Amino acid sequence: MRGTQWMMRLTVLSAALLVAVQLSAQYPAQTNTTFERGERLEYAVFFHSLVTGNVKAGTFEMEVTGENKNISGRNTYHYIAKGESKGTFSLLYRVNDRYESFTDELSLLPLLTLRRISESDYIRNQDHIFDRINKKIVYKDNLKGITRTLEAGSSVHDILSAVYYLRNSTGTTEELQKGFQISYVFNDSIYNSSIQYIGIETIQTSIGKISCIKLKPQVLKGKVFNSSYPLTLWVSNDKNRIPILVESDILLGSIRVELINWTALKNPFDALK
């Protein structure tokens, strides 16, 4: 009898260890040193063209909410990004966009993504549900009533989760110089992108001089961008790794997105001089 009980306990322990190993493989730990719940970043968006000149086109916000929603038995971070056109620019091109991403608290990998886009006559309402165990993503187009299952690697992100994940991946100068590779899902397809390290630069902004890491991320060519590396991104050269400034040429002109306010940073804003 005792031998049977011992074998049962050993079987249960072995099963528990197997589950733990599987979960560890699907949710590899990623130390979060750069942000915490409650962080909010506010940006001003400027547009320039030969027709309009330089105008304030709108606002953009990124937030890590205080919510800890349990998804598939996992604690999560909830990110929200919102963009809205303002003033005269709204008469030319009306924008009211909202992205949401719920990521696993341990690995910072996304579990659920919501994309709600309204840009003049361009409307999108899409969900991505990540099955980390089976390495699949369920894509839902809620307007067209389409559901598709995508085969995905274990480290695929959405665009928003990639921002917070990469903030924790920019380490030493040697690591930065190697650049970064990341996979992400967009619409019903999965893409691979690289991010090039340009150097360290102190830039003048409306909130003061800020020491930054200068990067060039690869983007999708199409209706907005006519080259693969049109963006230049400046990230704070401190423990927060905050996106400070984005500049880019687009098909109809150029845009500039600049940090103007912040709340509840995890670390001192040492990059601000």
Side-chain angles (χ1 to χ4, degrees), residues 7-35 37 62-81 97-117 124-170 179-195 217-220 222:
M7 286 298 296
M8 289 178 63
R9 289 174 182 171
L10 181 61
T11 301
V12 171
L13 179 60
S14 298
L17 288 173
L18 179 60
V19 170
V21 169
Q22 289 177 332
L23 288 175
S24 177
Q26 302 308 319
Y27 300 98
Q30 170 76 18
T31 303
N32 174 23
T33 61
T34 63
F35 67 86
R37 288 183 173 86
M62 295 177 62
E63 177 185 7
V64 185
T65 76
E67 182 182 12
N68 181 1
K69 183 180 180 67
N70 189 281
I71 298 178
S72 301
R74 309 290 296 184
N75 291 328
T76 63
Y77 287 115
H78 181 194
Y79 315 137
I80 298 176
D97 293 348
R98 182 182 179 94
Y99 293 83
E100 296 187 51
S101 180
F102 295 85
T103 66
D104 175 57
E105 187 180 52
L106 176 65
S107 64
L108 304 185
L109 292 170
L111 299 174
L112 173 64
T113 302
L114 310 176
R115 182 173 179 246
R116 308 293 185 257
I117 303 298
R124 294 292 183 271
N125 186 317
Q126 300 169 337
D127 301 340
H128 291 97
I129 303 167
F130 295 77
D131 181 350
R132 291 292 170 189
I133 302 299
N134 297 304
K135 298 182 180 179
K136 297 180 184 296
I137 301 173
V138 176
Y139 162 76
K140 292 185 176 182
D141 187 316
N142 299 309
L143 296 180
K144 297 180 180 179
I146 295 173
T147 299
R148 292 176 184 162
T149 300
L150 313 176
E151 300 292 331
S154 59
S155 59
V156 175
H157 280 265
D158 60 65
I159 292 177
L160 183 55
S161 73
V163 173
Y164 289 92
Y165 183 84
L166 288 170
R167 284 174 62 180
N168 282 283
S169 301
T170 51
F180 305 94
Q181 301 289 328
I182 195 160
S183 298
Y184 64 94
V185 62
F186 184 74
N187 290 333
D188 60 351
S189 300
I190 295 172
Y191 301 90
N192 296 312
S193 178
S194 62
I195 300 173
Q218 184 181 19
V219 301
L220 292 176

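Predicted model, so just to flag it, every value in this text is computed and none were measured. Counting begins at 1 with the first residue of the sequence.
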Looking only at heavy atoms, which two atoms of [X] and [Y] are closest? And how far apart?
X      : Y      : answer
Ser155 : Leu109 : CA-CD2, 4.0 Å
Ser107 : Gln30  : O-CB, 3.5 Å
Pro110 : Asp158 : CB-OD2, 3.3 Å
Phe130 : Val156 : CE2-O, 3.9 Å
Glu151 : Ile190 : O-CD1, 3.2 Å
Asn125 : Asn142 : OD1-ND2, 2.6 Å

Test item: [X] side-chain N/O and [Y] main-chain N/O as donor-acceptor pair under 3.5 Å:
X      : Y      : answer
Asn68  : Thr76  : yes
Ser193 : Gln218 : yes
Asn187 : Ser189 : no

Are His157 and Tyr184 an aromatic pair by the rule of ring centers under 6.0 Å?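 So the answer is no for these two rings.
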
Would you say the side-chain atoms of Gln181 and Asn192 include a donor-acceptor pair closer than 3.5 Å?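 Result is no, nothing qualifies.
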
Have Asn32 and Arg167 got a donor and an acceptor in their side chains that come within less than 3.5 Å? no

Interatomic distance, [X] atom [atom1] to [Y] atom [atom2] [nearest 0.5 angstrom]:
X      : Y      : atom1 : atom2 : answer
Arg98  : Ile80  : CZ    : CD1   : 4.5 Å
Leu111 : Ile71  : CG    : CD1   : 5.5 Å
Asn70  : Asn75  : CG    : CG    : 6.0 Å
Ile182 : Ser169 : CD1   : OG    : 7.0 Å
Lys136 : Thr149 : NZ    : OG1   : 7.0 Å
Leu114 : Lys140 : CG    : NZ    : 11.0 Å

Less than 4.5 Å apart, any side-chain heavy atom of [X] and any of [Y]?
X      : Y      : value
Arg115 : Leu160 : no
Tyr165 : Thr103 : no
Ile159 : Tyr99  : no
Val138 : Asp131 : no
Leu166 : Phe180 : yes
Gln126 : Ile117 : no

I need the single residue from His78, Glu63, Glu67, Glu105 that forms a side chain to side chain donor-acceptor pair (under 3.5 Å) with Arg37. Which is it?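 Of the listed residues His78, Glu63, Glu67, Glu105, the side chain to side chain donor-acceptor pair (under 3.5 Å) partner of Arg37 is Glu105.
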
Parallel, tilted or perpendicular: which describes the rings of Tyr79 and Phe35, with under 30° parallel and over 60° perpendicular? perpendicular

Using 4.0 Å as the upper bound for N to carboxylate O, is an ion pair formed by Arg116 and Asp127?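 Yes.
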
